[in-house]
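Since this is a predicted model, take the numbers as computed values, not measurements.
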Amino acid sequence: MDRSLLTKAIVIAAIVGLFALSASPPKEKIHLGLDLLGGMHLVLQVETDDAVRAETDNTIDAVERELEDLDVTGFEVDRTGDSTFDLLGVPASRDSEVRDEIVNRFLIGWSMRRVGDRLHLELSGTEIKNIQQLAVNQARETIRNRIDAFGVAEPVIHEEGLGSNRIVVQLPGVDDPDRVKNLIKNTAFLEFRLVAEGTGGFASRQAIIDHYGGALPNELEIISQDLRDDAKRVIGQQFWALEKRRVVTGRELKTARMSSGQFNEPTVSFTLTTEGGRKFGEVTGANIGRGLAIVLDRKVISAPTIQDRINTQGVIHGSFTIQEVQDLVTVLRSGALPAGLTYLEERTVGPTLGQDSIDKGIDAGLIGGVIVVLTMLLVYQAVGVNAVVALALNIVLVFGALAIFGATLTLPGIAGIVLTIGMSVDANVLVFERIREELRSGRTVKSAIAAGFSKAFSSIFDANLTTLIAAVFLFMFGTGPIRGFAVTLSVGIVASFFTAIFVSRFFFDFFTSRRRRLDKLPIG
């Protein structure tokens, strides 16, 4: 064997050996998707308007502080929408000062204009979209942190499409689906809100509306609270009139941990960030004797009376079980969501169905492989062995690549592998047919082989490149099953190109190098 063939043999052996070791043993190295292993599939919608409202609340707080620093007194804030609010009582003579020192200097994406006796501040459409997209990104990463903390192996969490506010969550091999569902559904959108002055818990929503003479003030909102017995069962509800403006939210939460209350009941102790503690201290210090509602996922957990100024540390009391406190601490510590979630779709795939999918996928691959092998041997005789060996190496490379890159194998992914088998042989067919044509035209065996690979290269390259581009777009814009198909198809295309052009050519060269005189090629 000459030096060039020896070098090629070493390269092929090294690559195939590396990929084979990476995929061995397959049960441990190849990660199976939801449809093969069983598990949960969820589609969640991020309520991005919550994030916009929270941003407006923070902006209102900042504007109030800055106006006080500018010695502007007697003003009032009237929130007029999710992304708008008005300032009343600011003299028109100070408009330019407010714009220069507050709006242009501190507020990103906000505009200001005078409307009569009001200063109207509005968030731009571009900034609203940025906030909404950031909320989706934060929600995706927060969900990932929670799932990782729970210990689910190889979760698949991604946006449903570019610019979408929907998140797809796939959890293969979940053995406790109910708890995982509760963990994810517990969005932990934590808020602290002041109870409407002079009110407490009401028996119904209508009772609150009647209390205000038939019309609820714009700055208030009605939130319910579940009432539980000693066994933690829900036995009824009461309703609270709360200010829409949030004192602090989970975004100002620094950490949380389990603790025990006065009667040894499970509670959650929390610590706020420096900025969150400052705001919390100002509000609680100015509202001693007033109710402060702790709202979690649009439900009032408790509404204790403020006894003293509270700065950076506090305790969340509620009718919790120990497991509920553990899960609440998990979601709070892994990051509170910037917005609420709505569940659009929920499916559970049993492990039996997953195993059935694996069996059928293997059967399809074996049947397709056997048919391809027999066809190549019948049509191309001894040269067909070249294609069969290249095909076997192609499969090894595909599974090795899945293991090396940590890709997840799904049922559509198996379909991609089966398609790869056909595409790999297709490249061999192009080469073999070109070699046949060159032999018929009177070329020698060696020159026919060289010409066959040279002339078939452009067709093989174009076919593989266009298919690879399509696979990339499928991965970029597709959802879970389609992305699984795109992954294996992309890997298979690269592997088949390598085996059809490099490996197959090596076998031809090795075969011809062993014979000084070669008049015929057993190619059918």
Side-chain angles (χ1 to χ4, degrees), residues 31 33-35 39-56 81-83 108-109 123-148 150 152 154-172 174 177 180-181 183-189 249-251 297-298 331 334-349 405-408 410-413 415-416 468-490:
H31 306 304
L34 177 70
D35 49 1
M40 295 176 56
H41 173 93
L42 300 170
V43 179
L44 307 92
Q45 178 172 288
V46 182
E47 300 300 334
T48 52
D49 289 344
D50 287 345
V52 176
R53 284 192 288 267
E55 180 66 23
T56 301
D82 290 345
S83 58
I108 299 175
L123 193 59
S124 68
T126 301
E127 189 62 23
I128 290 175
K129 290 182 179 178
N130 291 339
I131 293 170
Q132 291 174 334
Q133 185 59 49
L134 180 61
V136 174
N137 295 340
Q138 289 177 333
R140 184 187 64 241
E141 293 307 312
T142 300
I143 292 171
R144 187 181 302 278
N145 291 337
R146 294 179 185 178
I147 297 301
D148 289 344
F150 187 79
V152 177
E154 303 301 327
V156 177
I157 303 170
H158 58 83
E159 294 176 36
E160 192 172 50
L162 291 178
S164 172
N165 65 341
R166 296 182 178 184
I167 298 175
V168 177
V169 180
Q170 294 182 340
L171 308 175
V174 171
V180 173
K181 282 191 290 187
L183 181 67
I184 298 177
K185 285 184 177 180
N186 188 4
T187 57
F189 186 52
T249 69
R251 295 198 298 181
D297 299 334
R298 305 287 298 172
V331 295
S334 61
L337 289 166
L341 297 177
T342 300
Y343 288 77
L344 303 180
E345 182 182 349
E346 181 179 318
R347 297 199 310 265
T348 301
V349 180
F405 296 111
T408 300
T410 62
L411 185 58
L468 182 61
I469 292 173
V472 169
F473 276 97
L474 285 175
F475 183 82
M476 291 176 59
F477 299 103
T479 55
I482 297 176
R483 288 163 69 100
F485 173 78
V487 167
T488 53
L489 182 59
S490 301

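In this structure, I108 places its CD1 atom where only 12 or fewer heavy-atom neighbours from other residues, nucleotides or ligands lie under 6.0 Å away.
For the side chain to side chain contact (heavy atoms under 4.5 Å, CB included) with Q132, the qualifying choice from D49, N137, N165 is D49, the only one to do so. A side chain to side chain contact (heavy atoms under 4.5 Å, CB included) with R140 holds for exactly one of L44, I167, V46; it is I167.
Remark: T48 OG1 to R53 CZ distance equals 9.0 Å, nearest 0.5 Å. Note that CZ of R144 is 9.5 Å distant from NE2 of H158, once rounded to the nearest 0.5 Å. Distance check, rounded to the nearest 0.5 Å: OG1 of T126 to CD1 of I131 gives 11.0 Å. A distance of 10.5 Å separates CG of L123 from CG of D82, quoted to the nearest 0.5 Å. Between the NZ atom of K129 and the CD atom of Q133 there is a distance of 11.0 Å, given to the nearest 0.5 Å.
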**OP:** Evaluate side chain to side chain contact (heavy atoms under 4.5 Å, CB included) for V169 paired with M40, printing each intermediate quantity in order.
**Re:** CA-CA 8 Å; V169 180; M40 295 176 56; over 6 Å; no
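Across A486 and L474, no two heavy atoms sit closer than the pair CB-CB, 3.8 Å. In terms of heavy-atom proximity, S83 sits nearest to V52 at CB-CG1, 3.9 Å.
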